[in-house]
Amino acid sequence: MSDSSFDLVVIGGGPGGYVAAIRAAQLGLSVAIVEKRPTLGGTCLNVGCIPSKALLAASHHYHTAAHGLGAFGVKVAGVELDLPAMMAHKDKVVADNTKGIDFLLKKNKITRILGAGSLAGNGQVTVTAADGAVSTVAARSIVLATGSEVTPLPGLAIDEEVFVSSTGALALPQVPKRLVVIGGGVIGLELGTVWSRLGSEVTVVEYLDRILPFHDLEVSKTMTRLLGQQGIGFKLATKVVAGERKGAGAVLTLEPAAGGATETLEADIVLVAIGRRPYVEGLGLEAAGVDLTKRGFVKIDGSFRTSVPGIYAIGDVVGGAMLAHKAEEEGVALAEILAGQHGHVNYEAIPSVVYTWPEVASVGRTEEQLKEAGIAYSVGKFPFLANGRARSMNDTDGFVKILADAATDQVLGAHIIGPNAGDLIAEIVLAIEFGAAAEDIARTCHAHPALSEAVKEAALAANGRAIHV
């Protein structure tokens with residue numbers, strides 16, 4: 001027998017889980033959320049999106065004060081790094097955000113259950129507390145929103161001292177002289193940027209022949225050049241075949257991805273950032289009959305239903321873009337479906353942002369995807385070098401690129417490298433969501449002087465009539 005019963009029990013308190021819980025409660029369902037961490041927010045708020053952005057902002061301020069203010073007529077002498085204070089800032093940001101989620105659950109009268117949840121069959125969820133105490137809750141519907149975990153690299157044991165995951169890289173006690181990042185994706189580049197700004201000699205080792213491999217090729221090539229100018233080194237098409245601790249640091253053995261002579265690379269800290277995998281351990285999926293995909297994700301249909309009636313799944317654990325905002329959209333859509341409405345997620349309109357500087361933001365198709373699909377398209381491109389606001393900020397690296405259907409002018413994708421790219425992309429995401437044409441963006445008045453004018457000019461350029469370039 002269960003200790004209590006709800007319309008909906010959500011296992012996992014990350015962005016997908018807590019948003020699903022809140023939206024379901026707004027729609028009148030009785031909701032409980034099961035989370036084993038003492039704080040809510042999942043990986044994103046605790047050891048992912050939020051703390052990394054806090055360090056990215058802080059390190060950017062430090063680097064600008066040390067190297068970038070003179071051009072504005074601001075003389076700063078004796079700039080010093082106070083790493084404990086920077087970490088305290090990060091920790092406060094995390095604490096404030098997680099407390100905010102607690103408040104939202106209370107506001108929406110959602111029952112919070114502390115412990116590890118697992119499926120027990122017949123609409124039951126078993127919750128095991130940290131002290132081993134076990135309780136059971138029942139629900140008409142159960143949502144798996146357990147997120148993802150760091151993908152390990154075979155042969156390298158992560159000890160969070162010398163070989164660290166993203167979690168360890170967010171809390172290093174001192175700036176490493178030499179940092180090697182294994183993986184040229186978003187996490188590796190963001191955290192590599194943080195420590196590079198603070199004084200580390202950073203080398204990124206990437207198995208593929210380019211960084212940001214899922215982005216538009218032009219974006220990947222441009223960011224390799226820009227980050228290289230910032231002092232980050234790259235070893236592309238290179239694999240790590242071995243690694244061991246040596247003294248207070250580590251030594252890695254590398255070889256070309258295609259095979260060949262090996263070389264060694266020494267480091268004080270090695271960050272393993274080769275991706276994330278679904279978190280399914282201890283959920284009782286096999287016993288409950290929940291099917292997984294070949295890659296280990298929970299298998300769902302178009303309405304987030306698993307192979308077991310009454311059990312649903314969203315977010316990283318189901319695959320697709322492993323992004324907090326994608327999980328949130330799925331959480332809202334599922335809650336609305338469970339309440340008898342028509343929730344839906346447009347996966348063509350999910351933006352992706354890399355919070356380096358300059359930032360990188362993308363949505364929709366890349367040029368390579370359009371070519372592969374045989375879709376004729378036009379390209380509208382505008383450089384920030386020709387944008388008045390970017391010039392005034394001394395942030396002229398990068399461009400806005402809009403891809404539009406050659407026949408209909410409908411926006412199919414967009415790729416931005418530049419200042420505040422993560423904010424600028426929102427306008428183009430909205431355009432894709434509503435099926436707008438490049439002409440619609442071009443005909444929309446944009447404030448002057450503003451970075452967003454680069455978006456307008458790129459839309460104009462898609463039809464061959466950019467004004468300022």
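When reading the values below, keep in mind they use all heavy atoms of this one structure, side chains included, and skip hydrogens, waters and symmetry mates.
Counting non-hydrogen atoms of neighbouring residues, nucleotides and ligands closer than 6.0 angstrom, the CD atom of E281 reaches no more than 12 such neighbours. Counting heavy-atom neighbours within 6.0 Å of E286 CD, excluding the residue itself, gives a total of 12 or less. Applying the 6.0 Å contact sphere to CZ of R276 captures more than 12 heavy atoms from other residues, nucleotides or ligands. Heavy-atom contacts from other residues, nucleotides or ligands closer than 6.0 Å to NZ of K53 number more than 12. With a 6.0 Å radius and a threshold of 12 heavy atoms from other residues, nucleotides or ligands, K239 has its NZ atom above the threshold. Under a cut-off of 6.0 angstrom, the local environment of CG in N122 is sparse, with at most 12 non-hydrogen atoms contributed by other residues, nucleotides or ligands.
Remark: side-chain polar atoms of Q230 are paired, donor with acceptor, to backbone N or O of W357 under 3.5 angstrom. Formation of a donor-acceptor pair under 3.5 Å by the T238 side chain with backbone atoms of L236 is found in this model. No side-chain donor-acceptor contact under 3.5 Å links E329 to the backbone of V345. A distance-only check finds no donor-acceptor pair linking the side chain of N420 to the backbone of D423 [under 3.5 Å]. A donor-acceptor pair under 3.5 Å is formed between the side chain of E190 and the backbone N or O of Y355. Distance alone, capped at 3.5 Å, places no donor-acceptor pair between the S362 side chain and the S352 backbone. Although no hydrogens or angles enter the test, the distance criterion places no donor-acceptor pair under 3.5 Å between the side chain of D316 and the main chain of T146. Distance alone, capped at 3.5 Å, is enough to place a donor-acceptor pair between the S59 side chain and the L55 backbone. In this structure, K456 contributes its side chain and I441 its backbone to no donor-acceptor pair below 3.5 Å. For T43 (side chain) and E149 (main-chain N/O), no donor-acceptor pair under 3.5 Å exists by modelled atom type.
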Starting from the C-alpha separation in whole Å, work towards a yes-or-no answer on side chain to side chain contact (heavy atoms under 4.5 Å, CB included) for Y312 and L8. CA-CA 10 Å; Y312 303 80; L8 175 65; over 6 Å; no

Could you please spell out the steps behind the side chain to side chain contact (heavy atoms under 4.5 Å, CB included) verdict for L430 and E427? CA-CA 5 Å; L430 185 66; E427 175 181 5; 5.9 Å; no

Steps toward side chain to side chain contact (heavy atoms under 4.5 Å, CB included) verdict (T366, L217): CA-CA 8 Å; T366 66; L217 179 58; over 6 Å; no

Would you please test T98 and R37 for side chain to side chain contact (heavy atoms under 4.5 Å, CB included) and show each step? CA-CA 11 Å; T98 56; R37 274 194 178 97; over 6 Å; no

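With rounding to the nearest 0.5 angstrom, the CG atom of L105 is 5.5 Å from the CD1 atom of I22. Atoms CZ and OG1, on F234 and T224 in that order, are 5.5 Å from each other to the nearest 0.5 Å. Rounded to the nearest 0.5 angstrom, L189 CG and I211 CD1 are separated by 5.0 Å. Summarising the geometry, atom OG1 belonging to T126 is positioned 12.0 Å from atom CG belonging to L283; distances are rounded to the nearest 0.5 Å. With rounding to the nearest 0.5 Å, the separation of CD in E433 from CD1 in I350 is 8.5 Å. To the nearest 0.5 angstrom, I269 atom CD1 is 9.0 Å from S200 atom OG.
Using a 4.0 Å cut-off between a side-chain N of Lys or Arg and a carboxylate O of Asp or Glu, E206 and R210 do not qualify as a salt bridge. With respect to the salt-bridge test (charged N to carboxylate O, under 4.0 angstrom), the residues E336 and R23 qualify. Look at D96 and K92 and you find a salt bridge, because one of the NZ, NE, NH1 or NH2 atoms lies within 4.0 Å of a carboxylate O, short of that distance.
With I417 as the partner, the side chain to side chain contact (heavy atoms under 4.5 Å, CB included) test is satisfied by one option alone out of D216, L226, D397: L226. Results of the side chain to side chain contact (heavy atoms under 4.5 Å, CB included) test with S165 over L170, I187, V150, D159 single out V150 as the only residue that passes.
Closest approach of L285 to L144, counting heavy atoms only: CD2-CD1, 3.7 Å. Across every non-hydrogen atom of A250 and V162, the tightest pair is CB-CG1, 3.6 Å. Taking all atoms of both residues into account, the shortest heavy-atom contact from D395 to F384 is O-CB, 4.3 Å. The two atoms that bring L172 and M87 nearest to each other are O-CE, 3.7 Å, heavy atoms only. Here the closest heavy-atom approach between residue L45 and residue P51 is recorded as O-CD, 3.5 Å.
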